[in-house]
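Okay, so here's the structure we're looking at.
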Amino acid sequence: MTGPGLRERKKADTRAALARATLRLAREQGWAEVTVEQIAAAADVSSRTFFNHFSSKEEALLQPAGAEPGRFARQLAEQPAALPAREAARAVLRAGLAEIAADEDGGGWRVRMEVIGSDPALLARAVEVSTAGEREMAEALARRAGQDPDRDLEPVLLAAVLGAALRVTLVRWACAPGPVDLPALFDEAVELVATGLPGPAALS
């Protein structure tokens with residue numbers, strides 16, 4: 001299998017530069033003060049080039065790799081057919097978290113989450129992106145199982161549970177005072193849900 005061609009690599013490099021510039025400016029100036037023109041200038045490209053990669057500054061911050069409809073579905077389809085849906089979805093999400101952890105030095109996901117949490121409108125947009133992601137996950141899981149996400153509860157519930165585990169994992173990781181194994185933390189969250197949460201008595 002051959003890797004991406006020169007054109008694809010250049011596009012990925014430009015997108016990454018724009019995402020880094022977006023994050024840096026948001027941290028330095030505050031999210032509300034950042035403009036697309038500033039981001040483009042910081043990445044040494046034109047505003048037109050910015051819009052070739054991102055639809056808005058929100059997308060550049062929230063989806064630094066770019067909006068990729070169908071990505072989860074494609075990755076889920078690559079999982080072994082014999083693997084149960086929960087484990088297949090877990091493997092896809094775990095791989096994504098491993099990428100975030102590996103890219104921490106350059107990607108700045110902890111800073112990104114701080115910026116998101118500091119702006120109510122941006123936080124609301126992040127929730128919208130998360131909800132859309134869970135819907136895509138439910139549809140992909142339903143197709144894998146020959147189900148209908150509009151009628152069958154299982155794929156929708158599984159997507160919601162995994163989405164919640166993902167969000168809690170990222171928040172806990174971002175707030176941790178020291179190094180945390182991000183994929184392992186996600187595994188812990190999923191296992192806790194799978195084995196059953198403690199009852200009220202255990203929490204008191």
Side-chain angles (χ1 to χ4, degrees), residues 59 61-105 107-117 122-204:
E59 184 183 317
L61 182 76
L62 298 173
Q63 298 171 288
E68 298 181 61
R71 181 184 181 189
F72 177 86
R74 290 192 299 272
Q75 293 176 333
L76 186 68
E78 293 171 358
Q79 298 299 312
L83 200 62
R86 188 188 79 186
E87 294 306 319
R90 176 177 176 175
V92 171
L93 296 175
R94 195 181 193 281
L97 291 174
E99 289 180 7
I100 289 175
D103 192 39
E104 174 54 20
D105 288 341
W109 272 94
R110 283 189 171 91
V111 175
R112 181 172 284 105
M113 292 179 68
E114 290 176 7
V115 172
I116 293 170
L122 189 57
L123 183 58
R125 176 59 181 148
V127 171
E128 290 180 11
V129 171
S130 177
T131 300
E134 285 184 14
R135 176 64 184 179
E136 179 187 341
M137 193 189 311
E139 291 174 348
L141 289 167
R143 282 195 297 272
R144 183 181 179 91
Q147 296 176 314
D148 183 345
D150 293 323
R151 293 186 305 172
D152 297 302
L153 182 62
E154 182 179 350
V156 179
L157 183 58
L158 178 56
V161 170
L162 289 173
L166 184 64
R167 287 191 297 275
V168 170
T169 296
L170 284 169
V171 171
R172 178 62 60 88
W173 170 75
C175 296
V180 173
D181 187 324
L182 183 54
L185 185 61
F186 178 65
D187 286 339
E188 181 182 348
V190 173
E191 288 301 321
L192 183 58
V193 174
T195 56
L197 294 170
L203 293 175
S204 62

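Along the sequence shown, the residues carry numbers beginning at 1. These numbers come from a predicted model, not from an experiment.
- No more than 12 heavy-atom neighbours from other residues, nucleotides or ligands sit within 6.0 angstrom of CD on E154.
- At distances below 3.5 Å, at least one donor-acceptor pair connects side-chain atoms of T131 with backbone N or O atoms of V127.
- Interatomic distance, S130 OG to R125 CZ, rounded to the nearest 0.5 Å: 11.5 Å.
- One distance of note links CG of L182 with CH2 of W173; it measures 5.5 Å at 0.5 Å rounding.
- The distance from the OG1 atom of T169 to the CD1 atom of I100 is 10.5 Å, given to the nearest 0.5 Å.
- Using a cutoff of 4.0 Å between basic side-chain nitrogens and carboxylate oxygens, R90 and E191 are scored as salt-bridged.
- The shortest non-hydrogen separation linking A73 to E136 is N-OE2, 3.8 Å.
- Between A164 and E134, the shortest heavy-atom contact is N-OE2, 4.1 Å.
- Between the CG atom in L76 and the CG atom in L93 there is a gap of 9.0 Å [rounded to 0.5 Å].
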Chi angles and distances behind the side-chain contact (heavy atoms from CB on, under 4.5 Å) call for L170, L97:
CA-CA 9 Å; L170 284 169; L97 291 174; 3.8 Å; yes
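- For the pair E139 and R135, the salt-bridge criterion is met [side-chain N within less than 4.0 Å of a carboxylate O].
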Quick one: do L141 and R86 satisfy side-chain contact (heavy atoms from CB on, under 4.5 Å)? Show the steps, please.
CA-CA 9 Å; L141 289 167; R86 188 188 79 186; over 6 Å; no
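- Nearest approach of A174 to M113, heavy atoms of both residues: CB-SD, 3.7 Å.
- Considering only heavy atoms from C-beta on, P155 stays 4.5 Å or farther from L157 through its side chain.
- Residues V156 and P149 approach most closely at CG2-O, 3.2 Å, considering heavy atoms.
- The distance from the CG atom of L122 to the CG atom of L62 is 5.0 Å, given to the nearest 0.5 Å.
- Contact detail for R144 and L83: the closest heavy-atom pair is NH2-O, 3.1 Å.
- Heavy-atom neighbours of E188 CD from other residues, nucleotides or ligands within 6.0 Å: at or below the threshold of 12.
- Counting heavy atoms from C-beta on, the side chains of V92 and E78 never come closer than 4.5 Å.
- The minimum heavy-atom distance linking F186 with R94 is given by the pair CE2-N, 4.2 Å.
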